[in-house]
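Below you'll find the structure I mean.
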There are 2 protein chains.
Amino acid sequence: MKTGNGKTGRPISFDKDAALEAAMLLFWERGFEGTCMTSLTQAMGLNPSSIYAAFGDKHALFQLAVKRYMGTRAQYATVALEEPTLEKVVRALFDNTVAFLTTPGHPPTCMTLAGAMGGSVEAAPARDLMTEIRRQNEVAMKERFLQARKSGELSKDVNVDDYTRYLSSILAGLSIQSANGSTKAELKRTAEMALRHLGC
Amino acid sequence: MKTGNGKTGRPISFDKDAALEAAMLLFWERGFEGTCMTSLTQAMGLNPSSIYAAFGDKHALFQLAVKRYMGTRAQYATVALEEPTLEKVVRALFDNTVAFLTTPGHPPTCMTLAGAMGGSVEAAPARDLMTEIRRQNEVAMKERFLQARKSGELSKDVNVDDYTRYLSSILAGLSIQSANGSTKAELKRTAEMALRHLGC
DNA sequence: CTACATCTGTAACGTACGTTCCGTATGTGT
DNA sequence: ACACATACGGAACGTACGTTACAGATGTAG
């Protein structure tokens, strides 16, 4: 359970980051319940004992994989919110999302959607984690929009909660479109139509 | 495998429709892979042999459950497309979707989204079926919009494929919102904001 | 009433799951 | 060099999965 403190004993013989990356990609593709430990051992190139010693059980490994996903691949959303103006923020949200969804080398949809919608009671913790992350993403968007409201970029007539949910919906919808097999060009045109209707 | 022709032998002793309805609700909530046969036997009130004799294996049962879902609960979409004018069609799509998602007695999201995103290779047929249904829904929408284009209700400047994907995205996004735990009032306001931006 | 066809209930099948055990290998501290 | 601490590799664990086998129940046809 507790991996070594690095002071004594035999040191780890594998790249922990690379192993976690492999686990993340597999969870991303198949979701928590669709990914079995046997597949993980193969993808990570490790024996079960090494995985359990380094990362804990399947639930803990999933959490770590999701954390890694949020800290790396999913940063496009955080980055978009740092744009200086509201219009640039919204444009970046759509552009980055389309770029993200169509990046080769990983599944064509959000891990938070493919990872655990539905599932048995055993998978409930994973599903709840995905839901919480989706809600946290909305909170981050809302805070940026509140800032735009204060700076006068977003009209006071607009309900910020509604605006946030609306944008979040379209972005989630793009991810579903991508999962359906839409091409990069199609996603781009869909995003452009959304931007046009948003007045950007 | 093949259930009786009704002429001879012991007749079935249960309500086939009610059993399939129970199976559909369970698949809807937990997805294909998250639903085990043991849970199905309990929810349907049947023994394994009765299920296999009446509906076939798990994959076949899932297909029948999805078919039932499309023919009953998911009819709100088909109905919306039958509205006389484009504006009424679009309004009905959003209103019916919100009403559907917030109807008590079933999970707060689309079966086609919760049923099988991701999953192991074993669940691939179920996932492909869900994807195909989502695409068929878009085809039905597109045909209705093409009709509106011919009647002059939809500007010829609008690319019908893009318009369809855009609306489909927002509607899918609403389903994700609902899965996130949004209330009926919140979904309504989100839908209204979408309609406003669409110029309806 | 008898022969036959089908459904029902239970137990069992083989497999795959997540997880743990344990003998061995490989490092550090003295 | 030696004791110790940890990691590795692989086999094994108990459980749950989807599915099937089979004996008994219950109907229809003649």
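Labels below follow one simple rule: chain letters A, B, ... track the order of the sequence lines, proteins then strands, and each chain is numbered from 1.
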| query | From D/dT19, D/dC8, C/dG18, pick the nucleotide closest to the side chain of B/Tyr52? | reply | D/dT19
| query | Would you say B/Lys156 has more than 12 foreign heavy atoms packed within less than 6.0 Å of its NZ? | reply | yes
| message | Regarding C/dG18, can its base be found pairing with the side chain of A/Thr38 as donor and acceptor, where the two atoms are less than 3.5 Å apart? | response | no
| Do side-chain atoms of B/Ser175 reach the backbone of B/Leu171 as a donor and acceptor pair under 3.5 angstrom? | no
| note | A/Lys58 atom NZ is separated from D/dA16 atom C1', nearest whole Å, by 13 Å
| query | With respect to the side chain of A/Pro48, which nucleotide from C/dT20, C/dG18, C/dC7 is positioned closest? | reply | C/dT20
| query | For B/Pro11, which contact category applies under a 4.0 Å heavy-atom criterion: base, sugar-phosphate, or nothing? | reply | sugar-phosphate
| message | I want to confirm an ordering. Mapping B/Gly9 and B/Glu33 to their closest nucleotides on DNA chain D, which one lands closer to the 5' end? | response | B/Glu33
| query | Touch check for A/Thr35, heavy atoms < 4.0 angstrom, all strands: base, sugar-phosphate only, or nothing? | reply | sugar-phosphate
| Given C/dT8, D/dT19, D/dC17, the nucleotide with the shortest approach to the side chain of B/Arg10 | C/dT8
| B/Arg30 CZ to D/dG18 P, straight-line distance once rounded to whole Å | 11 Å
| field | Between P of C/dG9 and CD1 of B/Ile51, the distance in whole Å | value | 11 Å
| task | Identify, with sequence neighbours excluded, every residue that meets side-chain contact (heavy atoms from CB on, under 4.5 Å) alongside A/Ile51. | result | A/Met37, A/Thr41, A/Met44, A/Leu46, A/Phe55, A/Leu61
| field | Proximity to the side chain of A/Cys36 - top-ranked nucleotide from C/dC17, D/dC8, D/dG18 | value | C/dC17
| task | Would you mind telling me which of C/dT19, C/dG27, C/dT8 lies closest to the side-chain atoms of A/Thr8? | result | C/dG27
| said: Could you check whether A/Arg73 pairs with A/Glu21 (Lys NZ or Arg NE/NH1/NH2 to Asp/Glu carboxylate O, under 4.0 Å)? | reply: yes
| task | Calculate the interatomic distance between A/Asp15 atom CG and D/dC8 atom P; express it in whole Å. | result | 12 Å
| query | Taking the side chain from A/Glu153 and the backbone from A/Leu86, do they hold a donor-acceptor pair closer than 3.5 Å? | reply | yes
| field | N or O in side chain of A/Ser50 less than 4.0 angstrom from D/dC8 OP1/OP2 | value | yes
| remark: In whole angstroms, the gap separating P of C/dA5 from CD1 of B/Ile12 amounts to 19 Å
| remark: On DNA chain C, more 5' by nearest nucleotide between B/Phe14 and A/Phe32 is B/Phe14
| query | Tell me: CE of A/Met37 to C1' of D/dG14, nearest whole Å? | reply | 16 Å
| said: Nearest whole Å is fine: how far is C/dT8 P from B/Phe55 CZ? | reply: 10 Å
| request: Please determine, for the side chain of A/Asn47, which listed nucleotide (D/dC8, C/dT6, C/dT8) has the closest atom? | output: D/dC8
| field | Among D/dG10, C/dT10, C/dA5, the nucleotide that comes nearest once only the side chain of B/Ser49 is considered | value | C/dT10
| message | Using 30° and 60° as the class boundaries, would you call the ring planes of B/Tyr76 and B/Phe100 parallel, tilted or perpendicular? | response | parallel
| task | Report the distance from atom CD of A/Gln42 to atom C1' of C/dC17, rounded to the nearest whole Å. | result | 14 Å
